[in-house]
A.B. asks: 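Can you read through this structure? Questions will come right after.
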Amino acid sequence: MPAKDGKLRYADCVNTKNAFRLIQSIPSKKAEPFKQWLAQVGKERIDEIENPELAQDRVKEYYELKGYPKDWIDKRLRGIAIRQDLTDEWKNRNVKEQKEFAILTNEISKATFDKTVKEYRRFKALKRKNQNLRDHMTDWELILTMVGEKATTDITTSKDSKGYNECKHSAIEGGTIAKNTRKEIEQ
């Protein structure tokens, strides 16, 4: 890895998962509190698998700790559910996940906001990849995103769109409904 002097130096690196495994293997009593914390987090995640409402409560708590207002948090969580419904619908209609999902999402975004997701991230001045665009949206932006995605889901279902190309047309139509709503609000 590059050092401060610009020269390349050998370095030991691990990802998050392997860092946790490394910590688990430390035989020191000083590592015990961290090991206990890891065990607690693991237990909580298993509890959330058994009862998904616990996961939703945890997400609400994280957003509250970040300073988001309750009504925004409720919209954000509803938006997550609407997005999940849409992606489930796409999966059932033979849309391949990663690249095609991104393209379809871009179509909704372009139709709704006249910006691709990448352009919208730039508009919001988000520089890090791990910054979620929706976490930086206003109430209206969240609502319009939900309108575009819910309309896309309903259009996809009613037209019985199958495959990427047909779902793309549905995505543009759904985004256009959200765009028309946005334009009326702006007036």
Side-chain angles (χ1 to χ4, degrees), residues 45 48-49 51-187:
R45 293 311 163 269
E48 290 169 1
I49 291 168
N51 182 358
E53 287 180 28
L54 295 173
Q56 189 174 18
D57 291 343
R58 179 175 48 88
V59 171
K60 280 183 183 180
E61 188 178 320
Y62 286 156
Y63 279 124
E64 286 170 2
L65 289 171
K66 288 181 174 184
Y68 290 98
K70 185 184 177 334
D71 61 329
W72 183 94
I73 295 168
D74 292 340
K75 287 178 193 73
R76 180 69 177 100
L77 293 177
R78 183 68 190 129
I80 291 168
I82 288 171
R83 174 68 183 179
Q84 188 63 54
D85 290 345
L86 175 59
T87 57
D88 287 347
E89 197 63 42
W90 284 341
K91 286 176 191 174
N92 293 335
R93 293 174 181 281
N94 205 23
V95 173
K96 295 176 188 76
E97 271 188 58
Q98 295 294 48
K99 188 175 182 181
E100 291 180 350
F101 278 35
I103 294 168
L104 294 174
T105 302
N106 260 339
E107 292 299 335
I108 297 169
S109 181
K110 278 193 298 192
T112 303
F113 299 110
D114 297 321
K115 292 175 178 61
T116 64
V117 172
K118 187 175 184 178
E119 291 166 339
Y120 216 117
R121 288 180 58 78
R122 248 185 269 125
F123 172 74
K124 290 286 186 173
L126 302 179
K127 297 189 183 350
R128 295 190 327 261
K129 280 211 181 251
N130 67 342
Q131 289 180 292
N132 190 307
L133 173 60
R134 293 173 198 226
D135 286 351
H136 294 83
M137 288 184 168
T138 65
D139 282 3
W140 275 114
E141 290 168 323
L142 284 174
I143 292 166
L144 291 168
T145 299
M146 283 189 271
V147 168
E149 292 185 341
K150 178 64 175 149
T152 299
T153 302
D154 292 351
I155 291 166
T156 300
T157 303
S158 68
K159 288 189 170 189
D160 196 24
S161 303
K162 297 221 186 319
Y164 167 76
N165 288 329
E166 289 182 21
C167 287
K168 184 176 178 181
H169 292 293
S170 297
I172 293 168
E173 282 186 58
T176 301
I177 290 170
K179 177 183 196 161
N180 294 338
T181 304
R182 177 180 59 86
K183 290 192 177 265
E184 287 184 35
I185 292 165
E186 288 171 350
Q187 288 177 352

A.B. asks: Under 4.5 Å between any side-chain heavy atoms of Thr156 and Glu166, yes or no?
C.D. replies: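 No, every pair of side-chain atoms sits at 4.5 Å or beyond.
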
A.B. asks: Please assess Glu149 against Arg134 for the test salt bridge (charged side-chain N to carboxylate O under 4.0 Å, His left out), listing each intermediate value before the final yes or no.
C.D. replies: CA-CA 13 Å; Glu149 292 185 341; Arg134 293 173 198 226; 2.6 Å; yes

A.B. asks: Kindly compute the distance separating CD1 (Ile82) from OG1 (Thr153), expressed to the nearest 0.5 Å.
C.D. replies: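 Reported value, rounded in 0.5 Å steps: 8.0 Å.
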
A.B. asks: Within the structure provided, determine whether Ile177 and Ile155 are in side-chain contact (heavy-atom separation under 4.5 Å).
C.D. replies: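 Yes, side chains in contact.
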
A.B. asks: Please report the closest heavy-atom contact between Gly175 and Ala111, naming both atoms and the distance.
C.D. replies: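 So the two residues come closest at C-CB, 3.4 Å.
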
A.B. asks: Checking Gln84 against Asp88: is there a side-chain donor and acceptor pair closer than 3.5 Å?
C.D. replies: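 Yes, because at least one side-chain N or O of Asp88 sits under 3.5 Å from a partner of the opposite role on Gln84.
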
A.B. asks: Is Lys118 atom NZ crowded by more than 12 heavy atoms from other residues, nucleotides or ligands, each under 6.0 Å away?
C.D. replies: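 Atom NZ in Lys118 is not packed in, count stays at 12 or less.
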
A.B. asks: Short question: side chain of Gln56, backbone of Pro52 - any donor-acceptor pair under 3.5 Å?
C.D. replies: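 Pair absent, no side-chain N/O of Gln56 close to backbone of Pro52.
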
A.B. asks: Taking Asn106 for its side chain and Val117 for its backbone only, find out whether a donor-acceptor pair lies under 3.5 Å.
C.D. replies: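 Yes, because the side chain of Asn106 sits within donor-acceptor range (under 3.5 Å) of the backbone of Val117.
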
A.B. asks: If we count only N and O atoms by modelled type, under 3.5 Å, do the side chains of Thr105 and Arg83 hold a donor and an acceptor together?
C.D. replies: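 Note: Thr105 and Arg83 side chains meet the donor-acceptor criterion.
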
A.B. asks: Which atom pair, heavy atoms only, marks the closest approach of Glu64 to Ile73?
C.D. replies: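 What the structure gives for the nearest pair is CG-CD1, 3.5 Å.
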
A.B. asks: State, with a plain yes or no, whether a side-chain heavy atom of Leu104 is found less than 4.5 Å away from one of Tyr164.
C.D. replies: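 A side-chain contact exists here, since the closest heavy-atom pair is under 4.5 Å.
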
A.B. asks: Just to verify, what does Glu48 make a salt bridge (Lys or Arg N to Asp or Glu O under 4.0 Å) with, not counting sequence neighbours?
C.D. replies: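 Counting only residues at least two positions away or on another chain, Glu48 forms a salt bridge (Lys or Arg N to Asp or Glu O under 4.0 Å) with Arg45, Arg58.
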
A.B. asks: Kindly compute the distance separating CD (Glu184) from CD (Glu186), expressed to the nearest 0.5 Å.
C.D. replies: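 One gets 11.0 Å once the value is rounded to the nearest 0.5 Å.
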
A.B. asks: Check Gly148 against Thr112 and note the closest heavy-atom contact, atom names and distance.
C.D. replies: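 Here Gly148 and Thr112 meet closest at CA-OG1, 4.5 Å.
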
A.B. asks: Tell me, do Ile108 and Leu86 make a side-chain contact under 4.5 Å, heavy atoms counted?
C.D. replies: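 In contact.
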
A.B. asks: Atom CZ of Phe113 and atom CD of Glu119: how far apart are they, to the nearest 0.5 Å?
C.D. replies: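 Answer for the CZ-CD pair, Phe113 versus Glu119, is 13.0 Å.
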
A.B. asks: Trp72: which residues meet the ring pair (Phe, Tyr, Trp, His ring centres under 6.0 Å) condition with it, sequence neighbours left out?
C.D. replies: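 Once residues adjacent in sequence are excluded, the partners of Trp72 under the ring pair (Phe, Tyr, Trp, His ring centres under 6.0 Å) criterion are Tyr63, Tyr68.
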
A.B. asks: Is there a side-chain contact between Lys124 and Glu141 in this structure, where contact means two heavy atoms from C-beta onward sitting under 4.5 Å apart?
C.D. replies: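 Contact flag for Lys124/Glu141 side chains = yes.
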
A.B. asks: Would a 4.5 Å heavy-atom cut-off, applied to side chains only, mark Lys75 and Met146 as touching?
C.D. replies: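 Yes, their side chains come closer than 4.5 Å.
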
A.B. asks: Output all residues satisfying side-chain contact (heavy atoms from CB on, under 4.5 Å) with Lys179, sequence neighbours left out; order by chain, then residue number.
C.D. replies: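 Asp114, Arg182, Lys183.
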
A.B. asks: Using 4.0 Å as the upper bound for N to carboxylate O, is an ion pair formed by Asp74 and Arg78?
C.D. replies: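 No, no charged N to carboxylate O under 4.0 Å.
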
A.B. asks: Indicate yes or no: at least one non-hydrogen side-chain atom of Leu142 is less than 4.5 angstrom from one of Arg76.
C.D. replies: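 Yes, at least one pair of side-chain atoms sits under 4.5 Å.
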
A.B. asks: Among residues at least two apart in sequence or on other chains, which ones pass side-chain contact (heavy atoms from CB on, under 4.5 Å) with Ser158?
C.D. replies: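 Not a single residue meets the side-chain contact (heavy atoms from CB on, under 4.5 Å) criterion with Ser158.
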
A.B. asks: How many angstroms lie between atom NZ of Lys159 and atom OG1 of Thr157, to the nearest 0.5 angstrom?
C.D. replies: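 OG1 of Thr157 is found 12.5 Å from NZ of Lys159.
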
A.B. asks: Could you tell me which residues satisfy ring pair (Phe, Tyr, Trp, His ring centres under 6.0 Å) with Phe101, sequence neighbours excluded, listed by chain and number?
C.D. replies: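 With sequence neighbours excluded, Phe101 shows a ring pair (Phe, Tyr, Trp, His ring centres under 6.0 Å) to Trp90, given in chain and number order.
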
A.B. asks: Please list, chain by chain and in numerical order, all residues satisfying salt bridge (Lys or Arg N to Asp or Glu O under 4.0 Å) with Glu53, sequence neighbours excluded.
C.D. replies: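 Checked Glu53 against salt bridge (Lys or Arg N to Asp or Glu O under 4.0 Å); zero matches.
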
A.B. asks: Give me the atom names and distance for the closest heavy-atom approach of Arg93 to Cys167.
C.D. replies: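 For Arg93 and Cys167, the tightest heavy-atom pair comes out as CB-SG, 4.2 Å.
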
A.B. asks: Distance from Asn130 atom CG to Asp135 atom CG, nearest 0.5 Å?
C.D. replies: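 Going from CG on Asn130 over to CG on Asp135, the span is 10.5 Å.
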
A.B. asks: Backbone N or O of Lys115 within a donor-acceptor pair of the Ser109 side chain at under 3.5 Å?
C.D. replies: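 Confirmed, Ser109 side chain pairs with Lys115 backbone.
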
A.B. asks: Using 0.5 Å steps for rounding, measure from the CD atom of Glu107 to the CD1 atom of Ile172.
C.D. replies: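 So the CD of Glu107 and the CD1 of Ile172 are separated by 4.5 Å.
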
A.B. asks: Taking the side chain as C-beta and beyond, is there a heavy-atom pair between Leu77 and Ile80 under 4.5 Å?
C.D. replies: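 Side chain of Leu77 against side chain of Ile80, heavy atoms only: contact under 4.5 Å found.
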
A.B. asks: For residues Asp160 and Lys162, report the shortest heavy-atom separation together with the two atoms involved.
C.D. replies: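 Heavy atoms of Asp160 and Lys162 come nearest at OD1-NZ, 2.8 Å.
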
